[in-house]
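All remarks here apply to the structure that follows.
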Amino acid sequence: MKSFFPYDSVELSTNGREVVILDQTQLPTQEKFLHLTTAEQIFYSITRLKVRGAPAIGIAAAFGLAMCVNRFRTRSLQALEKEFLRVKHYLYISRPTAVNLMWALDRMERCFYATKQGLETADEKHAIEVIRNSLTAEARAIKTEDVKMCEVISEYGFSLLQPGCGILTHCNAGHLAVSKFGTALGPIYMAQQQGFSPRVFCDETRPLLQGARLTAYELTKAGIDVTLVCDNMAATLMAQGKVDFVFVGCDRVAANGDVANKIGTCGVAILAKYYKVPLYVFAPTSTVDLSCKSGDDIVIEERPAFEVTDMYYSKPMAPKGVKVYNPAFDITPAALIAGIVTEKGIIKPRDIKNLKKGK
Ligand code: MRU
């Protein structure tokens, strides 16, 4: 599959000493790349959504951990291990809902200890070098595997589509949110390449406007027919018969097939059920968390009030001091989902518990 973009949203520099991200808070007006060289910068970029989207957060954290280990000056293996664990635990709590973050960091930890255990040398300098190389390779592998997963997911999603069909999407599960291509938007890129001319409706996704700022930006850049609507216009589109499918990404899938995704997804899913529009959730297996029995076990991030009252407005849009509730995600019950599209196929939500995860 060919990418419509000359850059990825997250990269590790060739020498492994910088994490380069496209600052998503500056889109769509500026394509500004940030070169991150400390754990604090990685943490800040994740919490402030400069890098965002479940797989992209996992990749950024893995790259960040490798970068910090590469930059840490020491001759002591014990000191390196201490620093590795410090950064790992610090990044672990940068955002709570997308499980890809924890999944990627845990995978890096397994790599650290497997490499350490396999060391045959007593030479600490050499051992440190081997661990650095191994962590850098593991972080790069997380991204490479995500690219492959996105391609396979895109193929499965594409198999659902017909030429000229209308797709509604919420938030941003595209090129920006992953390694390359996207999950929910991947089939749309593939459809465009196959001459299907899909018609996409993206809702703005209040309060942080990922739909307006990011999805509309990505799809416009790729020359795809995209129409931006406010969040409360989805029912009107569905009632007019303009939506054949709803495609959304996701931040965590529980064992019973409930999913956490951007706030507003559940509302769209209820509408889709009413109007008999199938809703598909796109998720690499790194997003599945079988330790959560149901959506009730998924931690939902709450974000600051100013994102609702002030951010993206030129002046405050609510009385000063008004009470604000700003959950960043909601739970869509399994019963509202037609299928979960993973790199292992399109799975009924109730069957997700049988899924064997990768590494
Ligand atoms: O708060 P965000 O912008 O990180 O939320 C992102 C989403 O909800 C996406 O739909 C999800 O991460 C899927 S990414 C392929």
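Order of listing sets the numbers, starting from 1, for every ligand and every atom in it.
A donor-acceptor pair is defined here as one N or O able to donate and one able to accept, closer than 3.5 Å; no such pair exists between the side chain of Thr287 and the backbone of Ala98. A distance-only check finds a donor-acceptor pair linking the side chain of Glu124 to the backbone of Leu77 [under 3.5 Å].
A side-chain donor-acceptor contact under 3.5 Å links Thr136 and Asn70. Inspection of the Asp244 and Gln162 side chains reveals no N or O donor paired with an N or O acceptor under 3.5 Å. Side-chain polar atoms of Tyr113 and Glu81 form a donor-acceptor pair below 3.5 angstrom. There is a side-chain donor-acceptor pair under 3.5 Å between Tyr217 and Glu31.
The proximity of Pro55 to ligand 1, defined as any non-hydrogen pair under 4.0 Å, is limited to the side chain. Heavy atoms of Arg95 found under 4.0 angstrom from ligand 1 belong exclusively to the side chain. Looking at Cys171 against ligand 1, only its side chain comes within 4.0 Å, counting heavy atoms. Residue Phe329 touches ligand 1 through its side chain alone, judged by heavy-atom distances below 4.0 Å.
The closest approach between Cys250 and ligand 1 falls below 4.0 Å for a heavy atom of the residue. For the pair Asn172 and ligand 1, a heavy-atom separation below 4.0 Å is found.
Nearest to atom 14 (S) of ligand 1 by heavy-atom distance, out of Ala54, Gly249, Ala184, is Ala54.
Atom 15 (C) of ligand 1 has Thr183 OG1, 3.2 Å as its closest protein atom, hydrogens excluded (heavy atom only). Among all non-hydrogen protein atoms, the one lying nearest atom 7 (C) of ligand 1 is Asp251 OD1, 3.3 Å. The protein heavy-atom contact nearest to atom 6 (C) of ligand 1 is Arg52 NH2, 3.5 Å. The protein non-hydrogen atom at the shortest distance from atom 5 (O) of ligand 1 is Lys262 CE, 3.2 Å. Atom 9 (C) of ligand 1 has as its closest protein heavy atom Asn261 OD1, 3.4 Å.
For ligand 1, none of its N or O atoms has an N or O atom of Ala177 under 3.5 Å away.
Each of Lys50, Arg48, Lys32 was evaluated against Asp23; a single residue qualifies, Lys50, per the salt bridge (charged side-chain N to carboxylate O under 4.0 Å, His left out) test. Across Asp203, Asn172, Thr220, Thr205, a single residue satisfies side chain to side chain donor-acceptor pair (under 3.5 Å) together with Thr215, and that is Asn172.
Look at Arg86 and Glu83 and you find a salt bridge, because one of the NZ, NE, NH1 or NH2 atoms lies within 4.0 Å of a carboxylate O, short of that distance.
For ligand 1 and Val178, the ligand atoms under 4.0 Å from any heavy atom of the residue are 15 (C). Numbered from 1 in the order shown, with element, the atoms of ligand 1 that lie under 4.0 Å from a heavy atom of Ala173 read 15 (C). Using a 4.0 Å cut-off to heavy atoms of Gln210, the atoms of ligand 1 that qualify are 1 (O), 2 (P), 3 (O).
Ring centers of Tyr189 and Phe181: at least 6.0 Å apart, outside the cut-off.
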